[in-house]
Amino acid sequence: MIRDLSSNILAELRSIFRDPGVLIIMGAAIVFYSFVYPLPYAREVLNQVPLTVIDQDNSALSRQLVRMVDASEMLRVEGRSLNLDSAQKEIGSGRYSAALVIPQGFEKDLLQGRQVYVSAYVDATYFLIYRQAMTGLVKTVRTVSAGIQIRRFQAQGWSADKAMVDRSPLNLISRSLFNPYMGYATYIVPGVLILILQQTMLIGIGMISGTRRELIMAGKSVPRCRGGPMVRIVSRTIACLSLYLIHILFIYGVVYRIWDFPMQTSIAMISLFLLPFLLSVILLGQVLAEFFKTREISIVMIVWSSMIAVLISGFSWPLETMPNWIRAVSMLLPSTWGISGGLRLTQMGASFNQVREEWIWMWGLSLLYLILAWICVRFAHQSKNGEPPNLDKPEPKKFF
Amino acid sequence: MSGNEHLQGFWAVALREMSRIRAHSRYALSMIVLPLVSFALTWGLFCNQYPQDLPVAVVDLDHSSLSRTVIKAIDATSVIEASFQVSDPAKARDLMLRGRIYAMVILPHGLEEDILRGRGAEVIGYTNTQMLLPGSIISSSLNAAVATVSAGINFQSRLRHGEMEEAAMAHLEPVNLDRHVLFNPQLNYIYFLAAALCPTFFQIFILMTAVMAMGSEFKNSTAKKWLETAGGSVWNAVAGKLAVYFISFSLLGLTMLAIIFNGFGVPLRGSLPSLITATVLLVLAYLSCGIILVFLCPSLRMALSAASFFSGTAFAFVGLTFPQEGMPALGKAWSNMLPLTHYLHLFLEQTIRSAKLSESIPDLLILLLFAMVGIGLVPMLKSHMKDSRYWGKP
């Protein structure tokens, strides 16, 4: 049995490395996607949103406000507009994303201790643009306003401290834990990298099985597989696992450094955590390979399911907002657990104990898919002719 | 060749294609079943448009009536809920690292006393911004909750002190910001994102199906037969084959628009004809990308891998989540190479931004250009069809 196993493992590895199609998916694609996927988010944050100013006051104080807006990291004063109408048109055409209107009498009213209103018109089509522009404007106006108010309080003979307290007695100090610069790449890419491992593995296993089946049907020789269904399943699992452990080293050792993502755990720890993840993915791949008999449809299915998996694994949008039946589906995907625990280990610095629940779930999924794979292999081959299972036989029945 | 013969070749290929579609259930799957499942799933995912009652842990070290007011204010927001009350910050941090909560709020010891003595006090909120979008929503509701409590205190203290008029004047905020939200006054992003996911799924299926339909002729060495059915005309061969997919996907596209406007409730503020034109052009553009990929990649597997890269990563590059302005030059260039980018731009212009038809003409022309490139390649496909070196590649 050990001899069967080792000869099968070598045969599996040969079929991966000799098939350029499989090698592209299970090797080159991972390298390629690791560098292409983060590309749009490479700058992490959106800064310097273009803004236009309509300064109807044109006073020292209004110019100071404009200077402070321009100095804010989030905004850039890109131009001036004559009136609101033309500014709104220019926002509509996409030249600016926001407009700041400073009314006539701005300085005079302030000096006389009155309340003044400046207006912000912000394009809310895109969430990040709106958030940056509005936050930048609110912060700047608040700073200017607080400065003026404290001076007014002091004019009443109050101390600066009392003036601050009187402005707002109870304040929230808001701190960002993890991903403190609110980087978009740090938000999306670490999760997607784990997903890429899953999806390439599923396509790769589909391809290996598909190629084998097609070669047999064409009457060509294939590397012989020995032993019963369980030996075959285990040997394919070991072959794929050893290849993907190298990918884990590559992703956490190389890709993370190049893109400068936080890495709060050791490579050994994340490998240990992702071990049942890889196992469950490989076994799931072998179950799916029994259902999707042609390579074409398996690629379509997997591209489609990658989009779905990103949406339902809970790292881009909270699981709590999803209907229960979708949450149930997501619990059957290894990526849901792998991403959830993997992100907490690498990005948030959780201890292994804190991701143990996910780890156990993935072992459970591995067991489930091992049983399913075994049933599929046995059932699919025995139901036809009552012969002992033999994977080398052609497979005339196709589901898809 | 007379016009009649032309039509004959075209019809012969179209009929042959329909029987091919009937013979392989994978076509029905990628042309009808999976797209409709995707639209339904997107709907299921985003029908609760806004997150509700996301769990937050509160560490109340003050145990005063003020700290309880703050907790009540947090519960009163629709987005967050004080699901856990723990005795020390380390426990809250542990909950966060276990993935149970999205934020933790610390109400420090002496909170109420500081306020009563007029010293001012601070509540500390830690948000998990690893989840950027939920994180920023949570952080702003936390802010709102604390501001509400603060405003209440301020009001009470002034009532007590019976403020004089000039002091009251000084309390007015000197510079205020009047916020005007253009184009999306409810700031509802979820349903636009959800609506935009539908065309994203749609383009995956158009491209993959087109590549499958043409590439399998080479893989199964039936390309010559395909050309013969068309009476030797490569134009008839390609047109007859793709016409079937063009019609079927155009109908699917119209269904998609119906779902987006009637089901998701996205407002249609621009012109519907321009959206319909764009949807039809989007189908043409991706069929054309299919021609390009089949022409460039000798094996079906390579063509499909390229197609899955081109369509599967599109959503990251279209600039809907992370805008094009923030991308590096290479990312921006790739974004412009995707028909979907231009389609979604037009989609936003004609729905949310209520743009004039004339502003969407450039996008329509770009989509047309994508279609033209593929059509321009058709004559060159003929040599591939006749050359047996291109056949039988996996």
Side-chain angles (χ1 to χ4, degrees), chain A residues 21 24 39-43 46 110 113 115-121 123-129 138 141 144-145 148-149 152-153 156 165 168-179 182 184 187 296-297 299-300 303-304 306 311 318 320-323 326 340 344 347-348 350 354 400, chain B residues 25-26 30 34 44-45 48 51 54 97-99 115 120-130 132 134 139 143 146 149-150 153-154 169-170 172-184 187 189 204 208 212 301 304-305 308 312 316-317 322-323 326-328 331 348 352-353 394:
Chain A
I24 283 174
L39 191 63
Y41 316 127
R43 292 197 193 136
L46 182 76
L110 277 177
Q115 240 184 335
V116 297
Y117 283 86
V118 296
S119 301
Y121 292 82
D123 182 352
T125 314
Y126 299 93
F127 172 74
L128 278 185
I129 294 181
V138 167
V141 168
V144 171
S145 187
I148 295 171
Q149 192 170 34
R152 285 186 191 172
F153 282 140
Q156 307 249 330
V165 170
S168 165
L170 186 66
N171 292 297
L172 177 75
I173 302 181
S174 200
R175 297 239 165 90
S176 297
L177 275 183
F178 324 116
N179 191 8
M182 306 242 208
Y184 210 86
Y187 162 48
E296 290 79 41
I297 197 64
I299 296 184
V300 176
V303 176
W304 172 71
S306 338
L311 293 175
E320 283 84 353
T321 59
M322 295 171 198
I326 290 181
S340 156
R344 298 214 305 276
Q347 305 301 302
M348 296 165 59
Q354 284 160 328
F400 294 110
Chain B
S25 49
R26 58 171 176 260
S30 72
L34 293 181
L45 268 172
N48 299 342
L54 296 176
L97 289 175
R98 285 179 191 276
I115 290 287
E122 276 144 0
V123 172
I124 306 146
Y126 292 94
T127 315
N128 180 2
T129 36
Q130 175 57 38
L132 196 67
S139 152
N143 239 318
V146 174
V149 178
S150 179
I153 298 167
N154 217 348
M169 280 284 282
L172 296 176
E173 184 78 52
V175 188
N176 298 275
L177 190 67
D178 214 358
R179 302 182 193 198
H180 300 267
V181 180
L182 301 179
F183 306 122
N184 183 7
L187 292 178
Y189 293 95
I204 293 179
M208 299 297 254
M212 232 168 24
R301 185 158 39 190
L304 277 175
S305 299
S308 57
F317 285 90
F322 193 80
M327 294 180 196
L348 286 181
I352 192 169
R353 293 169 70 92

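Per chain, numbering begins at 1; letters A, B, ... match sequence-line order.
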Original post:
Who wins among A:Leu170, A:Val144, A:Asn179, A:Leu311 for the most heavy-atom pairs under 4.5 Å with chain B?
Top reply: A:Leu170
Subject >> Choice from B:Pro323, B:Ala121, B:Ser139 maximising heavy atom contacts with chain A below 4.5 Å >> reply: B:Ala121
**OP:** Select one option (side chain, backbone, both, neither) describing which atoms of A:Ile299 are under 4.5 Å from chain B's heavy atoms.
**Re:** both
**OP:** Give, as side chain, backbone, both or neither, the part of A:Ser119 having an atom under 4.5 angstrom from any heavy atom of chain B.
**Re:** both
**OP:** Might you point out which heavy atoms bring B:Thr129 and A:Ser176 nearest each other, and give the distance in Å?
**Re:** OG1-CB, 3.2 Å
Subject >> Per-residue contact mode, A:Ile24 against chain B (heavy atom under 4.5 angstrom) >> reply: side chain
Original post:
Is chain A contacted by the side chain of B:Ile204, its backbone, both, or neither, given a heavy-atom distance below 4.5 Å?
Top reply: side chain
Subject >> Inter-residue atom distance A:Thr321.OG1 - B:Leu45.CG, 0.5 Å rounding >> reply: 7.5 Å
**OP:** For each of A:Leu39, A:Ile148, A:Leu110, tally heavy-atom pairs with chain B at distances under 4.5 Å, and name the one with the top tally.
**Re:** A:Leu39
**OP:** For atom CZ of A:Arg43, decide whether the heavy atoms of other residues, nucleotides or ligands shown that lie under 6.0 angstrom number more than 12.
**Re:** yes
Subject >> Structural part of B:Ile115 lying under 4.5 Å from a heavy atom of chain A >> reply: side chain
**OP:** Drop me the distance from A:Asn171's CG to B:Ile124's CD1, to the nearest 0.5 angstrom.
**Re:** 11.5 Å
**OP:** Measure the spacing between CD1 of A:Ile297 and CG of B:Leu34 and express it to the nearest 0.5 Å.
**Re:** 6.5 Å
Subject >> Interchain contact, B:Ile352 with chain A, by part (heavy-atom threshold 4.5 Å) >> reply: side chain
Subject >> Contacting region of B:Phe183 [heavy-atom separation from chain A under 4.5 Å] >> reply: side chain
Original post:
If you count heavy-atom pairs under 4.5 Å between each of B:Ser305, B:Gly312, B:Pro134, B:Gly331 and chain A, which one has the most?
Top reply: B:Pro134
Subject >> Separation between CE of B:Met212 and OG of B:Ser30, rounded to the nearest 0.5 Å >> reply: 4.0 Å
**OP:** Check the angle between the aromatic planes of A:Tyr121 and B:His180 and answer parallel, tilted or perpendicular using the 30° and 60° thresholds.
**Re:** parallel
**OP:** Under 4.5 Å heavy-atom distance to chain A, tell me which part of B:Leu54 shows up: side chain, backbone, both or neither.
**Re:** side chain
Original post:
Between B:Val181, B:Leu132, B:Val149, B:Val146, which shows the greatest number of heavy-atom pairs under 4.5 Å with chain A?
Top reply: B:Leu132
Original post:
If only atom types and distance count, is the side chain of B:Asp178 paired as donor or acceptor with the main-chain N or O of A:Ala120 below 3.5 Å?
Top reply: no
Original post:
Can you list the residues that meet the side chain to side chain donor-acceptor pair (under 3.5 Å) rule with A:Thr125, with sequence neighbours excluded?
Top reply: A:Asp123, B:Arg353
**OP:** Sort A:Ser174 into side chain, backbone, both or neither according to what part of it lies under 4.5 angstrom from a heavy atom of chain B.
**Re:** both
